[in-house]
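Just so we're on the same page: letters track the sequence lines, and every chain starts at 1. Just so you know, these numbers come straight off a predicted model, no measurement behind them. Hydrogens, waters and symmetry mates play no part in the numbers below; they use all other heavy atoms, side chains included.
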Amino acid sequence: MGDSNDFFEKVYAVVRQIPEGRVSSYGAIAKSVGAAKSARMVGYALHASIQNGVDIPAHRVVNRNGLLTGKFHFFSDTLMEQMLHAEGVLVENDRVVDFKRLFWNPSEHINDLL
DNA sequence: CGGATGACGGGTC
DNA sequence: AGACCCGCCATCC
């Protein structure tokens, strides 16, 4: 079953691997599930996860610059930042402080999943 | 059916 | 650094 539902499940599986206090990006996740050119679809999948109440740490996914581009899709527009802050990730002007250091690359841990 | 619309990213200026 | 463009592709209208 290589349909879009499959893609969603793969994305969710990867997002669940992001450790507490760390963050990843749409593009990095897209690569790790073998769809490097579909970073946009990762965002789409995360949006769907919230609508469907899927239990994944979607707040740990930001864009390539560490910007909280998805914050408006949470129940409150400050929830994403609050959740990150609760696990020790600081945010300033919608950007993850020390993004490079906190960045978690799924492809370097691919052996742990699929 | 065709154009617009995104939780994007790489490249260029 | 920041603005801009273009490729990408499922979904929407």
Side-chain angles (χ1 to χ4, degrees):
Chain A
M1 314 208 300
D3 53 12
S4 63
N5 201 358
D6 226 27
F7 173 78
F8 277 37
E9 289 308 318
K10 285 184 185 174
V11 169
Y12 297 162
V14 173
V15 173
R16 275 191 267 261
Q17 307 302 314
I18 305 174
E20 202 177 305
R22 302 291 297 278
V23 294
S24 193
S25 73
Y26 304 97
I29 292 168
K31 274 186 193 172
S32 75
V33 300
K37 293 176 279 190
S38 304
R40 283 191 125 122
M41 295 303 106
V42 172
Y44 197 91
L46 294 185
H47 191 176
S49 83
I50 290 192
Q51 293 187 332
N52 301 325
V54 180
D55 185 30
I56 57 172
H59 60 285
R60 294 178 192 148
V61 185
V62 298
N63 83 346
R64 62 169 164 176
N65 298 315
L67 218 51
L68 277 57
T69 46
K71 68 178 213 164
F72 294 110
H73 296 277
F74 287 78
F75 294 104
S76 123
D77 60 4
T78 56
L79 184 57
M80 187 176 187
E81 179 170 345
Q82 285 173 19
M83 293 178 80
L84 285 171
H85 195 265
E87 45 188 71
V89 178
L90 300 183
V91 175
E92 269 178 24
N93 296 325
D94 291 337
R95 187 190 314 278
V96 172
V97 176
D98 258 338
F99 173 60
K100 278 197 164 186
R101 191 170 60 78
L102 297 180
F103 179 73
W104 184 84
N105 188 349
S107 298
E108 294 175 2
H109 303 266
I110 197 71
N111 14 318
D112 296 343
L113 8 134
L114 322 171

Backbone N or O of A:Asp55 within a donor-acceptor pair of the A:Arg16 side chain at under 3.5 Å?
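Pair found, side chain donor or acceptor close to backbone of A:Asp55.
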
Between the main-chain N or O of A:Leu102 and the side-chain N or O of A:Arg22, is there a donor-acceptor pair closer than 3.5 Å?
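Yes; judged by distance alone, with no hydrogens or angles, the pair exists.
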
Measure the distance from CZ on A:Phe7 to P on C:dT11 and round it to the nearest whole Å.
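Distance, rounded to whole Å: 11 Å.
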
Between C:dA1 (C1') and A:Asn93 (CG): distance, integer Å
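It works out to 14 Å between those atoms.
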
For atom CG of A:Asn65, is the number of surrounding heavy atoms from other residues, nucleotides or ligands below 6.0 Å larger than 12?
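Yes, because the 6.0 Å sphere around CG of A:Asn65 holds more than 12 heavy atoms from other groups.
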
Which heavy-atom pair separates A:Phe103 from A:Asn105 by the least distance, and what is that distance?
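Answer, listing the atom of A:Phe103 first, then A:Asn105: CE2-CB, 3.7 Å.
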
Listed partners of A:Gln51 passing side chain to side chain contact (heavy atoms under 4.5 Å, CB included), at least two apart:
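Here the qualifying residues are A:His47.
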
Which value, in whole Å, describes the distance between the P atoms of nucleotides C:dC5 and B:dA4?
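Roughly 15 Å separates the two P atoms.
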
Strictly under 4.0 angstrom, non-hydrogen atoms only: write out the protein contact profile of nucleotides 6-13 of chain B, one letter per nucleotide from the 5' end, B, S or -.
BBBBB---

